[in-house]
S.K.: 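One structure follows; several queries about it will come next.
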Amino acid sequence: MGKYLKFLTVGIVFGIVLVKSEAVSWYRIFEMFKFQSFHMYGIIGSAVVTGIILLLVSNKMKIKNTEGTFLRVPLKERGFIRYILGGLIFGLGWALCGACPGPMYILIGTGAFSILIVIAAALLGTYIYGLTKNKLPH
Amino acid sequence: MEYILEPWPWYVTGPLLAIIMFTLLYFGRTFGMSSNLRTLCAISGAGKRVEFFKFDWKSQRWNLVVVLGAILGGFIAHYLLSNPTTHINLSETTIKDLNAYGFNNVGQSLVPPELFSWDAVFSLKGILILIVGGFLVGFGTRYAGGCTSGHAITGLSSLQLPSLIAVIGFFAGGLIMIHLIYPILF
């Protein structure tokens, strides 16, 4: 159990940050896609800029992870269709229910239990993708 | 304490998300919330029928622990670290637009009761919105190979072109839903 404690801590911080930023709110997602506030763009933008800086610095300093290898982000496969089409489908769903996978779990903790229906449907969607994967253009 | 109880500004929460991503890399893992959906399918036995779910899900237990933490974090932030009388500070035009769609008390809760209350869930339109929305998220995220955490934060931070394409897709889909489909739905 001890080795999982650090992951539990990361998760707790993640849940707190996403609630306190209001990024788990359906309203904030609606507002973002309406371009009516800078708030969500500020969160995503400053996360990416900070992330770029952290990764550049860790590369320069050759920081090793706790497993003893150089800290590196796994590369995504090359491709176009799967990313644009999959992204489009994801975006349609994200705007409809106002929650991407992280917030889905976090909202359970805030007492919005009807999100469990969204999670069940997301599991079904994932299953259907696995079932039809070989027939889809990637 | 006053500052903690109020909503946190974007310039605090955005960098914190990057630190969370970096911390997981430091622990030799990658930030990716949607992978857990695949793991949960595998645990439920989907691997017996579908190749895609035939993998060693036990190696993903750490990520399920992150999810457990996220649920706890959601509870702590909402019930212990928030002022219940503080509303979400949405823009005036957003509130007006939602009022026109028949949404009331906009921003007084995290999710709108018009979609997430049990009354809404037990209406045909209400349940369809949640089911279709969740389904599209689950299908799309696996098709695209990641979600907001994996592509938008981790992928863009590491300057990966596939993630940029996926994020453009996320936004195109969101804009179509909000600007073309919402006016029909509400």
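Proteins come first, then strands; the chains are lettered A, B, ... in the order of their sequence lines, and each starts at number 1.
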S.K.: Checking A/R28 against chain B: side chain, backbone, both or neither under 4.5 Å from a heavy atom?
M.R.: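 For A/R28, the contact with chain B is made by backbone and side chain together.
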
S.K.: Go through the atoms of A/A120 and report whether side chain, backbone, both or neither lie under 4.5 Å from a heavy atom of chain B.
M.R.: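 Neither the backbone nor the side chain of A/A120 comes within 4.5 Å of chain B.
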
S.K.: Output the distance between atom CG (A/L131) and atom CZ (B/F52), rounded to the nearest 0.5 Å.
M.R.: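 Rounded to the nearest 0.5 Å, the CG-CZ separation comes to 11.5 Å.
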
S.K.: Looking only at heavy atoms, which two atoms of B/A172 and A/L88 are closest? And how far apart?
M.R.: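 It is CB-CD1, 3.5 Å.
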
S.K.: Checking B/V137 against chain A: side chain, backbone, both or neither under 4.5 Å from a heavy atom?
M.R.: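 Contact with chain A involves both backbone and side-chain atoms of B/V137.
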
S.K.: Contact part of B/T141 toward chain A, heavy-atom cut-off under 4.5 Å: side chain, backbone, both or neither?
M.R.: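 Answer is both: backbone and side chain atoms of B/T141 are under 4.5 Å from chain A.
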
S.K.: For A/L56, which atoms come within 4.5 Å of any heavy atom of chain B: side chain, backbone, both, or neither?
M.R.: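 No part of it gets close to chain B.
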
S.K.: Is the closest side-chain heavy-atom distance between B/W118 and A/F113 below 4.5 Å?
M.R.: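 They are in contact (side-chain heavy atoms under 4.5 Å apart), so the answer is yes.
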
S.K.: Is the distance from the ring center of B/F139 to that of A/F90 below 6.0 Å?
M.R.: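 No, they do not, as the ring centres are separated by 6.0 Å or more.
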
S.K.: Counting only heavy atoms closer than 4.5 Å, note whether B/E51 contacts chain A via side chain, backbone, both or neither.
M.R.: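 For B/E51, neither part sits under 4.5 Å from chain A.
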
S.K.: Look at B/V50, B/T154, B/I176 and state which one has the largest set of heavy-atom pairs under 4.5 Å with chain A.
M.R.: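 The candidate making the most pairs under 4.5 Å is B/V50.
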
S.K.: For chain B, find which of A/I119, A/T69, A/T50, A/I53 contributes the most heavy-atom pairs closer than 4.5 angstrom.
M.R.: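 Of the candidates given, the most pairs with chain B belong to A/T50.
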
S.K.: Does B/L110 offer a backbone N or O that forms a donor-acceptor pair with the side chain of A/S25 under 3.5 Å?
M.R.: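 Confirmed, A/S25 side chain pairs with B/L110 backbone.
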
S.K.: Could you look at B/V167 and say if it's the side chain, the backbone, both or neither that has a heavy atom under 4.5 Å from chain A?
M.R.: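 Neither; nothing under 4.5 Å.
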
S.K.: Which pair of non-hydrogen atoms, one from B/A18 and one from A/A47, has the smallest distance, and what is that distance?
M.R.: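 It is CB-O, 3.3 Å.
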
S.K.: Show, in sequence, the C-alpha distance, side-chain angles and deciding distance for B/I178 and A/K34, and conclude whether the side-chain contact (heavy atoms from CB on, under 4.5 Å) test is met.
M.R.: CA-CA 7 Å; B/I178 298 287; A/K34 280 275 196 174; 3.8 Å; yes

S.K.: Are any of the side-chain heavy atoms of B/Q160 and A/L75 separated by less than 4.5 Å?
M.R.: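 In contact.
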
S.K.: Side chain, backbone, both or neither: which part of B/S163 has a non-hydrogen atom closer than 4.5 Å to chain A?
M.R.: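 Interface part for B/S163: side chain.
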
S.K.: Does the side chain of A/Q36 come under 3.5 Å of the side chain of B/D97 through a donor N or O and an acceptor N or O?
M.R.: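 The criterion, which ignores hydrogens and geometry beyond distance, is satisfied for B/D97 and A/Q36.
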
S.K.: Can you confirm if the aromatic rings of B/W62 and A/Y4 lie within a centre distance of less than 6.0 Å?
M.R.: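 Here the rings of B/W62 and A/Y4 have centres that are no less than 6.0 Å from each other.
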
S.K.: Take B/I95 and A/Y27 through the side-chain contact (heavy atoms from CB on, under 4.5 Å) test and state the conclusion after the steps.
M.R.: CA-CA 9 Å; B/I95 296 172; A/Y27 295 113; over 6 Å; no

S.K.: Can you check whether A/A95's main-chain N or O pairs, donor with acceptor, with B/Y182's side chain at less than 3.5 Å?
M.R.: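 Yes, B/Y182 side chain to A/A95 backbone: donor-acceptor pair under 3.5 Å.
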
S.K.: Start with the C-alpha distance between A/Y127 and B/F53, add both sets of side-chain angles, then the distance that settles ring pair (Phe, Tyr, Trp, His ring centres under 6.0 Å), and finish with yes or no.
M.R.: CA-CA 8 Å; A/Y127 180 74; B/F53 300 105; 5.7 Å; yes

S.K.: With side-chain contact (heavy atoms from CB on, under 4.5 Å) as the test, would you mind laying out the steps for A/S37 and B/T94 before giving the verdict?
M.R.: CA-CA 9 Å; A/S37 167; B/T94 304; 5.8 Å; no

S.K.: Could you grab the distance from atom SG of B/C41 to atom CG of A/L123, nearest 0.5 Å is fine?
M.R.: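 CG of A/L123 is found 5.0 Å from SG of B/C41.
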
S.K.: On a heavy-atom basis, which atom in A/E31 and which in B/S91 lie closest, and how many Å separate them?
M.R.: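 Closest pair (atom of A/E31, atom of B/S91, distance): OE2-N, 2.8 Å.
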
S.K.: Please name the pair of heavy atoms, one in B/G150 and one in A/K76, separated by the smallest distance, quoted to 0.1 Å.
M.R.: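 Here B/G150 and A/K76 meet closest at O-CE, 4.2 Å.
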
S.K.: Are A/Y105 and B/N36 packed together at the side-chain level, in the sense that at least one heavy-atom pair is separated by less than 4.5 angstrom?
M.R.: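 When only atoms from C-beta onward are counted, B/N36 and A/Y105 do touch, with a gap below 4.5 Å.
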
S.K.: Hey, are the side chains of A/L96 and B/L185 touching, using non-hydrogen atoms and a 4.5 Å cut-off?
M.R.: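 Touching, per the 4.5 Å side-chain cut-off.
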
S.K.: Quick check on the interface: out of B/L68, B/V106, B/V132, who has the most heavy-atom pairs with chain A under 4.5 Å?
M.R.: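 If we count pairs closer than 4.5 Å to chain A, B/V106 comes out on top.
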
S.K.: Where does B/I181 contact chain A at under 4.5 Å (heavy atoms): side chain, backbone, both or neither?
M.R.: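 When you check distances to chain A, only side chain atoms of B/I181 fall under 4.5 Å.
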
S.K.: Could you grab the distance from atom CG of B/L156 to atom CD1 of A/I52, nearest 0.5 Å is fine?
M.R.: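 Output value for this atom pair is 7.5 Å.
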
S.K.: Quick one: what part of B/L159 sits under 4.5 Å from any heavy atom of chain A, side chain, backbone, both or neither?
M.R.: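 For B/L159, side-chain heavy atoms alone lie under 4.5 Å from chain A.
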
S.K.: Indicate yes or no for a side-chain donor-acceptor contact from A/K20 to the backbone of B/L5 under 3.5 Å, with no hydrogens or angles considered.
M.R.: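 Between the backbone of B/L5 and the side chain of A/K20 there is a qualifying donor-acceptor contact (under 3.5 Å).
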
S.K.: Where is the tightest heavy-atom contact between B/L130 and A/S114, given as atom of each residue plus distance?
M.R.: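 In this case the closest contact between B/L130 and A/S114 is CD1-O, 4.0 Å.
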
S.K.: Hydrophobic clustering (ILVMFWY, side-chain heavy atoms < 4.5 Å, transitive) - are B/Y3 and A/I16 grouped together?
M.R.: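 They do not share one cluster, since no chain of ILVMFWY contacts under 4.5 Å joins A/I16 to B/Y3.
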
S.K.: Between B/G140, B/S149, B/G146, which has the largest tally of heavy atom pairs under 4.5 Å with chain A?
M.R.: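 Most heavy-atom pairs within the cutoff with chain A belong to B/G140.
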
S.K.: Flag the one option from A/R78, A/M40, A/E67 with the top tally of heavy-atom pairs under 4.5 Å to chain B.
M.R.: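 Result: the option with the highest number of such pairs is A/E67.
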
S.K.: Decide yes or no for A/W94 and B/T148: does some side-chain heavy atom of the first lie under 4.5 Å from some side-chain heavy atom of the second?
M.R.: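 Of all side-chain heavy-atom pairs linking B/T148 with A/W94, at least one is under 4.5 Å.
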
S.K.: Side chains of B/W8 and A/I43: does their closest heavy-atom pair fall under 4.5 Å?
M.R.: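 Not touching, per the 4.5 Å side-chain cut-off.
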
S.K.: Could you state whether B/V121 and B/L124 fall into the same hydrophobic cluster, counting links through intermediate Ile, Leu, Val, Met, Phe, Trp or Tyr residues with side-chain heavy atoms under 4.5 angstrom apart?
M.R.: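 No, B/V121 and B/L124 fall in different hydrophobic clusters.
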
S.K.: Could you tell me which of B/L40, B/L81, B/I168 has the largest number of non-hydrogen atom pairs under 4.5 Å with chain A?
M.R.: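 The answer is B/L81.
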
S.K.: Quick one: pull up OH in A/Y41 and CH2 in B/W10 and give me the separation to the nearest 0.5 Å.
M.R.: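 A/Y41 atom OH to B/W10 atom CH2 measures 14.0 Å (nearest 0.5 Å).
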
S.K.: Enter the distance from B/R142:CZ to A/T132:OG1 here, rounded to the nearest 0.5 Å.
M.R.: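 The distance works out to 13.0 Å.
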
S.K.: Is there side-chain contact between A/T110 and B/V111, with at least one heavy-atom pair below 4.5 Å?
M.R.: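 No. Closest side-chain heavy atoms not under 4.5 Å.
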
S.K.: Looking at B/L17, B/I131, B/L25, which has the largest count of heavy-atom pairs under 4.5 Å with chain A?
M.R.: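 Answer, by heavy-atom pair count under 4.5 Å with chain A: B/L25.
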
S.K.: Can you tell me how far the CD1 atom of B/I71 sits from the CD1 atom of A/I106, to the nearest 0.5 Å?
M.R.: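 One gets 9.0 Å once the value is rounded to the nearest 0.5 Å.
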
S.K.: Where does A/F80 contact chain B at under 4.5 Å (heavy atoms): side chain, backbone, both or neither?
M.R.: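 Both the backbone and the side chain of A/F80 come within 4.5 Å of chain B.
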
S.K.: Using non-hydrogen atoms only, which part of B/L24 is less than 4.5 Å away from chain A: side chain, backbone, both, or neither?
M.R.: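 Interface part for B/L24: side chain.
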
S.K.: Would a 4.5 Å heavy-atom cut-off, applied to side chains only, mark A/L136 and B/Y143 as touching?
M.R.: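 They are in side-chain contact.
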
S.K.: Say whether A/M61 and A/F70 are linked into one hydrophobic cluster, either directly or through other cluster members, by side-chain heavy-atom distances under 4.5 angstrom.
M.R.: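 Each belongs to a different hydrophobic cluster.
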
S.K.: Which bit of B/T23 is near chain A, if near means a heavy-atom gap under 4.5 Å: side chain, backbone, both or neither?
M.R.: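 Only the side chain of B/T23 comes within 4.5 Å of chain A.
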
S.K.: Please look at B/Y26 and chain A and tell me whether the side chain, the backbone, both or neither of the residue comes under 4.5 angstrom of a heavy atom of that chain.
M.R.: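 Both backbone and side chain of B/Y26 come within 4.5 Å of chain A.
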
S.K.: How close do A/N65 and B/G28 get, counting heavy atoms only, and between which atoms?
M.R.: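 That closest heavy-atom pairing would be ND2-CA, 3.7 Å.
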
S.K.: Under a 4.5 Å heavy-atom cut-off, does chain A meet the side chain of B/R61, its backbone, both or neither?
M.R.: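 Contact with chain A is through both the backbone and side chain of B/R61.
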
S.K.: Let me know if B/Y101 has heavy atoms under 4.5 Å from chain A in its side chain, its backbone, both or neither.
M.R.: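 B/Y101 touches chain A through side-chain heavy atoms alone.
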
S.K.: Verify the cluster assignment for B/L180 and A/I84: are they in a single hydrophobic cluster under the rule of side-chain heavy atoms below 4.5 Å apart?
M.R.: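 The answer is yes; both residues are in one hydrophobic cluster.
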
S.K.: Among B/L115, B/L90, B/L72, B/I4, which residue forms the greatest number of heavy-atom pairs with chain A at distances under 4.5 Å?
M.R.: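 Of B/L115, B/L90, B/L72, B/I4, B/L90 has the most heavy-atom pairs under 4.5 Å with chain A.
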
